[in-house]
Undergrad: 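Before I ask anything, here is the structure I am working with.
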Amino acid sequence: MARTRMLTAGAAAALLLAACAGPAQDQQQEPQAEPEATGSEEAGADADASSEDADEATDTDEATDTDTRDASEGPMPDPERLEDPCAPHEGRDMDSFIDLVAPVQEQVVSGEMELVGCANVFEATVVWHLLDGDGRLLDEGFTTATCGSGCVGEFSDVVPLEEVADEPVAYLQVFSPNMADEGPERLEEVEVMVVIE
């Protein structure tokens, strides 16, 4: 009887070891599945390479777009603002201001340049000065807005560039003269630098 119990206990132990050995062997076999993981890593590497190729293609497209543009164009005025310079200024009848729509900062110009804007200034008078890079006054003129002294109006003029034809850049100052006895000589002054072509 004692022998039978020992045999039974031995058999149970053997079965237990066999059961435990099975999963252990399975666990030892799992690392052999790594070549498949390597295959997925290769797929990941292929995806990364494809992504890099796509990035390079995008860079090439951007370079092509840049190449097709004329480098001398530079910044340009907003066409919609040129059509209606005072559109953003409705209701500003109590504000004194000058909004210069054209030319814009660093715009490339040659021969002459169009002066366009919106203002609410005394007697609708808008004065412009054209200076060289050293600040010397080379030309001046004035224009009148369609309304002023308490109402908003458009203004435009053509500024000749003969005086600055040999300069690399010029400065356009647009302002309203101060008609009062005190304060600065110029009100609402705006200045932009233009590139002479």
Side-chain angles (χ1 to χ4, degrees), residues 58-197:
T58 303
D59 293 343
T60 305
D61 291 344
E62 288 173 2
T64 303
D65 290 345
T66 304
D67 294 343
T68 56
R69 279 183 280 166
D70 186 355
S72 66
E73 282 181 14
M76 296 294 289
D78 181 348
E80 290 181 12
R81 292 294 315 280
L82 287 172
E83 286 292 319
D84 190 359
C86 290
H89 302 292
E90 289 182 20
R92 292 191 68 186
D93 293 340
M94 301 305 291
D95 299 334
S96 180
F97 70 91
I98 293 177
D99 179 15
L100 186 62
V101 175
V104 295
Q105 186 72 14
E106 297 183 7
Q107 180 177 336
V108 178
V109 293
S110 62
E112 60 185 29
M113 67 180 163
E114 187 178 18
L115 176 68
V116 177
C118 181
N120 181 359
V121 292
F122 181 70
E123 294 185 349
T125 303
V126 178
V127 177
W128 58 263
H129 284 179
L130 190 62
L131 294 80
D132 67 8
D134 296 323
R136 290 182 301 227
L137 179 63
L138 300 178
D139 201 355
E140 60 186 318
F142 75 94
T143 185
T144 306
T146 56
C147 195
S149 295
C151 58
V152 174
E154 301 176 12
F155 64 86
S156 64
D157 201 0
V158 176
V159 178
L161 299 174
E162 291 89 0
E163 298 297 327
V164 292
D166 297 330
E167 300 287 331
V169 297
Y171 293 86
L172 177 70
Q173 296 174 340
V174 181
F175 58 93
S176 173
N178 188 357
M179 309 307 274
D181 293 335
E182 43 185 61
E185 292 181 2
R186 302 176 180 187
L187 301 174
E188 314 305 333
E189 183 173 357
V190 179
E191 179 180 279
V192 295
M193 181 193 77
V194 293
V195 179
I196 310 300
E197 189 175 49

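The basis for the numbers below is simple: all heavy atoms, side chains too, and nothing from hydrogens, waters or symmetry mates. Keep in mind that what you see is a predicted model, and the values were worked out from it rather than measured.
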Undergrad: Identify the heavy atoms of Ser156 and Thr143 that sit nearest to each other, and give their distance.
TA: O-OG1, 2.8 Å
Undergrad: Sequence neighbours excluded, which residues qualify as side chain to side chain donor-acceptor pair (under 3.5 Å) partners of Ser96?
TA: Glu188
Undergrad: What's the verdict on side chain to side chain contact (heavy atoms under 4.5 Å, CB included) for Val126 and Val174, showing C-alpha distance, side-chain angles and the deciding distance?
TA: CA-CA 7 Å; Val126 178; Val174 181; 3.3 Å; yes
Undergrad: Working note: Val192 + Val104, criterion side chain to side chain contact (heavy atoms under 4.5 Å, CB included); need CA distance, chi angles, decisive distance, verdict.
TA: CA-CA 7 Å; Val192 295; Val104 295; over 6 Å; no
Undergrad: Which atoms form the tightest heavy-atom contact between Asp132 and Tyr171, and what is the distance?
TA: O-CD1, 3.6 Å
Undergrad: Going by the ring-ring contact (aromatic ring centres under 6.0 Å, His included) test, which pairs reach into residues 130-149, not counting sequence neighbours?
TA: none
Undergrad: Do any side-chain atoms of residues 75-85 form donor-acceptor pairs under 3.5 angstrom with protein atoms, and if so which ones, sequence neighbours left out?
TA:
unit_1	atom_1	unit_2	atom_2	d
Asp78	OD1	Glu80	N	3.0
Arg81	NH2	Pro85	O	3.0
Arg81	NH2	Asp99	OD2	2.6

Undergrad: Name all pairs fulfilling the disulfide bond (SG atoms under 2.5 Å apart) condition that reach into residues 135-197, sequence neighbours left out, sorted by first residue then second.
TA: Cys147-Cys151
Undergrad: For atom CG of Asp134, decide whether the heavy atoms of other residues, nucleotides or ligands shown that lie under 6.0 angstrom number more than 12.
TA: yes
Undergrad: Which value, rounded to the nearest 0.5 Å, describes the distance between Cys86 atom SG and Glu154 atom CD?
TA: 5.0 Å
Undergrad: Do the side chain of Glu189 and the main chain of Arg186 share a donor and acceptor less than 3.5 angstrom apart?
TA: no
Undergrad: Output yes when a side-chain donor or acceptor of Ser176 lies under 3.5 Å from a complementary backbone atom of Leu187, and no otherwise.
TA: no
Undergrad: Heavy atoms only: give me the nearest Asp139-Pro160 pair and the separation to one decimal.
TA: OD2-CG, 3.6 Å
Undergrad: For Leu130 and Leu161, run side chain to side chain contact (heavy atoms under 4.5 Å, CB included): C-alpha distance rounded to whole Å, both residues' side-chain angles, the deciding distance at 0.1 Å, then the answer.
TA: CA-CA 9 Å; Leu130 190 62; Leu161 299 174; 4.0 Å; yes
Undergrad: With the side chain counted from C-beta on, respond yes when Glu185 and Asn178 share a heavy-atom pair under 4.5 Å apart, and no when they do not.
TA: no
Undergrad: So, for Ala170 and Ile196, which heavy atoms are closest and what is the spacing to 0.1 Å?
TA: CB-CD1, 4.0 Å
Undergrad: Would Val164 and Val194 count as a side chain to side chain contact (heavy atoms under 4.5 Å, CB included) if you check the C-alpha gap in whole Å, the side-chain angles of each, and the deciding distance to 0.1 Å?
TA: CA-CA 11 Å; Val164 292; Val194 293; over 6 Å; no
Undergrad: Could you report the tightest heavy-atom contact between Leu131 and Gly135, atom names first, then the distance?
TA: CD2-O, 3.1 Å
Undergrad: Under the ring-ring contact (aromatic ring centres under 6.0 Å, His included) definition, can you give me all pairs with a residue in residues 90-131, not counting sequence neighbours?
TA: His89-Phe97, His129-Phe175
Undergrad: Would you check if the side chain of Glu197 reaches a backbone N or O of Val108 as a donor-acceptor pair within less than 3.5 Å?
TA: no
Undergrad: Work out which heavy atom in Gln105 is nearest to a heavy atom in Glu191; give both atom names and the distance.
TA: OE1-O, 4.1 Å
Undergrad: Write out all pairs satisfying side-chain hydrogen bond (donor to acceptor under 3.5 Å, both in side chains) with one or both partners inside residues 108-122, taking only residues at least two apart or from two chains.
TA: none
